[in-house]
Amino acid sequence: MVSPSADPLLVRALRREPVERTPVWFMRQAGRSLPEYLEVRKLGSLMEITHRPDLAAEVTLQPVRRHGVDAAILFSDIVTPLEAIGVDVEIKAGIGPVVAQPFRSRADLTRLRDFAPAEDMPALAETIKLITAELGPQGIPLIGFCGAPFTLASYLVEGGPSKQQSLTKAMMLSDPELFRDLLTRLARIAAQSLREQVDAGAEAVQVFDSWIGTLSRAQYRDHILPVMRDLFDELAELGVPRTIFGVGTGHLLDLLAETGADCVGVDWRIDLADARRLVPERCALQGNLDPAVLLAPDEVIEAEVRRIVESAPPVGHIFNLGHGVLPETNAETPGKVVRLVRELTSAKATA
Ligand code: CP3
């Protein structure tokens, strides 16, 4: 038996300490498929909920209560700090963030002032205090998060969601200096948001670079990595484990580790065993069940969960999906996965 220390299971696994079982949580576990979220949502828009500590805390806690996951993730969105500093961004149902006046020139950078959470969004710290008051006694940590500079830039430059990120890449390639300055501003805002979240009680952080997989290795190295290294250096001061995640990043995993992250999130396109060979041993791995598997019959889910547990490294694995819970997922299914991971990995630890 591994004796449990004072730190939460998730935090110990992120630090690659031997653990009594594999921790499990799900990206986008709050909202979307939960009927109890849809009830709260009747009271206001997503943005309105993030400015109401009682509602935001409630929605954050819902998946912990229903699924029994080993961590909560703050209910917010990657564009929330931008909205809080006055960028005209709206979250459109079924679409995502839409920016009224897209960012196209150097003059637009002046619209990205510093984020001062205490004045711009007092609800942020208040929400986290309500959450940790409930979760602390249960030993369940809260994960703070932010959007990574490239993914945020893609929403600002395109004006909304985009498959190819063509306008974003065009800016990156035709005016690399402007693009670098845009990323640097966004990294500063991200760091300011995460600092507030950790100060208020978040015990781990995740940086979502969801759309970074559209870049080549050379593009990532030349245009993104220097800004990400500075960001992760700054986040190191917070003293909590830092995860980096993006979709379709099998070709970038070693470069994502070069940011300095403590844990690399892996999507479902690549085997965990292969990811383990690409990512340096000092990093934990998070992932990587295809979210679509949660729409399949129980026996398919069980086989896929088993396969992932078997291909996972012996230390430093956090079970998760390869991307967010799909909106059409049955609300009972994530809990089944939690129980299965628990059963399979407790057996593995004592075998
Ligand atoms: O577990 C959670 O869901 C916690 C809260 C959370 C939201 N957004 C709330 C939300 C988190 C962690 C995010 C992160 C986020 N937002 C990312 C990174 C993760 C990923 O999925 O890649 C990205 C790219 C966004 C931008 C975004 N926000 C999109 C693309 C969409 C539309 C698709 C969707 O999820 O429906 C949103 C809207 C959004 N963000 C909703 C929620 C609960 C749904 C809309 C609503 O309830 O009004």
Side-chain angles (χ1 to χ4, degrees), residues 24-52 55-67 69-83 87 89-99 124 127-128 131 142-156 158-163 165 168 186 190 193-194 197 202 204-214 243-249 265-268 286-288 291 320-329 331 334:
V24 48
W25 69 280
F26 303 106
M27 290 186 281
R28 311 298 307 275
Q29 65 189 14
R32 286 194 164 178
S33 59
L34 292 186
E36 55 271 40
Y37 167 69
L38 299 176
E39 278 304 306
V40 174
R41 192 66 174 68
K42 286 182 189 158
L43 304 175
S45 68
L46 185 148
M47 289 296 192
E48 282 162 356
I49 294 173
T50 64
H51 290 281
R52 286 269 311 266
L55 299 183
E58 165 62 23
V59 174
T60 302
L61 293 166
Q62 286 171 346
V64 179
R65 296 186 195 126
R66 186 187 271 268
H67 309 316
V69 281
D70 293 304
I73 179 158
L74 179 69
F75 186 78
S76 180
D77 195 82
I78 57 169
V79 296
T80 305
L82 302 180
E83 186 248 5
V87 176
V89 54
E90 205 188 316
I91 296 193
K92 295 237 164 98
I95 300 175
V98 174
V99 178
L124 183 57
T127 301
I128 292 173
I131 296 165
L142 174 72
I143 301 168
F145 78 93
C146 69
F150 175 82
T151 291
L152 288 174
S154 88
Y155 284 105
L156 293 180
E158 308 286 338
S162 153
K163 282 214 165 66
Q165 268 90 48
T168 315
L186 291 168
S193 173
L194 289 183
Q197 294 178 51
V205 293
Q206 176 156 328
V207 178
F208 282 98
D209 212 349
S210 300
W211 314 134
I212 198 69
T214 57
T243 298
I244 177 81
F245 167 77
V247 181
T249 51
V266 181
D267 90 354
W268 64 93
Q286 176 172 279
N288 70 342
N320 204 313
L321 302 178
H323 196 189
V325 179
L326 295 168
E328 52 271 54
T329 306

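These values consider heavy atoms only, across backbone and side chains, with no hydrogens, waters or symmetry-generated copies. One-based numbering, in listed order, for ligands and for the atoms of each. Each residue takes its place number in the sequence, starting with 1.
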(request) Identify the protein heavy atom lying closest to atom 19 (C) of ligand 1, giving its residue, its atom name and the separation to 0.1 Å. (result) F208 CD2, 3.4 Å
(message) Regarding atom 39 (C) of ligand 1: of the candidates R28, R32, M27, which has the closest heavy atom?
(response) R28
(request) Take every heavy atom of K92, measure it against each atom of ligand 1, and state whether any distance is under 4.0 Å. (result) no
(request) Give the residue, atom name and distance (to 0.1 Å) of the protein heavy atom nearest atom 23 (C) of ligand 1. (result) I78 CD1, 3.6 Å
(message) Give me the residue, atom name and distance of the protein heavy atom closest to atom 41 (C) of ligand 1.
(response) L46 CD1, 3.3 Å
(request) Among all protein heavy atoms, pick out the one at the shortest distance from atom 30 (C) of ligand 1; state its residue, atom name and that distance to 0.1 Å. (result) Y155 OH, 3.4 Å
(request) Using heavy-atom distances, let me know which of Q62, M47, R41, Q206 sits nearest atom 46 (C) of ligand 1. (result) R41
(message) Would F245 count as a contact residue for ligand 1, given that I'm defining contact as a non-hydrogen atom of the residue lying under 4.0 Å from a ligand atom?
(response) no
(request) Identify the protein heavy atom lying closest to atom 27 (C) of ligand 1, giving its residue, its atom name and the separation to 0.1 Å. (result) P97 CD, 3.4 Å
(request) Any atoms of ligand 1 less than 4.0 Å from a non-hydrogen atom of I91? List them with their elements. (result) 38 (C)
(request) Please work out which of L326, D77, L321 has its closest non-hydrogen atom nearest to atom 40 (N) of ligand 1. (result) D77
(message) Can you report which non-hydrogen protein atom sits closest to atom 31 (C) of ligand 1, along with the distance?
(response) G96 CA, 3.4 Å
(request) From the options S154, A72, S76, select the one whose nearest heavy atom is closest to atom 5 (C) of ligand 1. (result) S76
(message) As a test of understanding, state which of R41, R65, R66 forms a side chain to side chain donor-acceptor pair (under 3.5 Å) with E36.
(response) R66
(request) Could you list the atoms of ligand 1 found under 4.0 angstrom from a heavy atom of I73? (result) 1 (O)
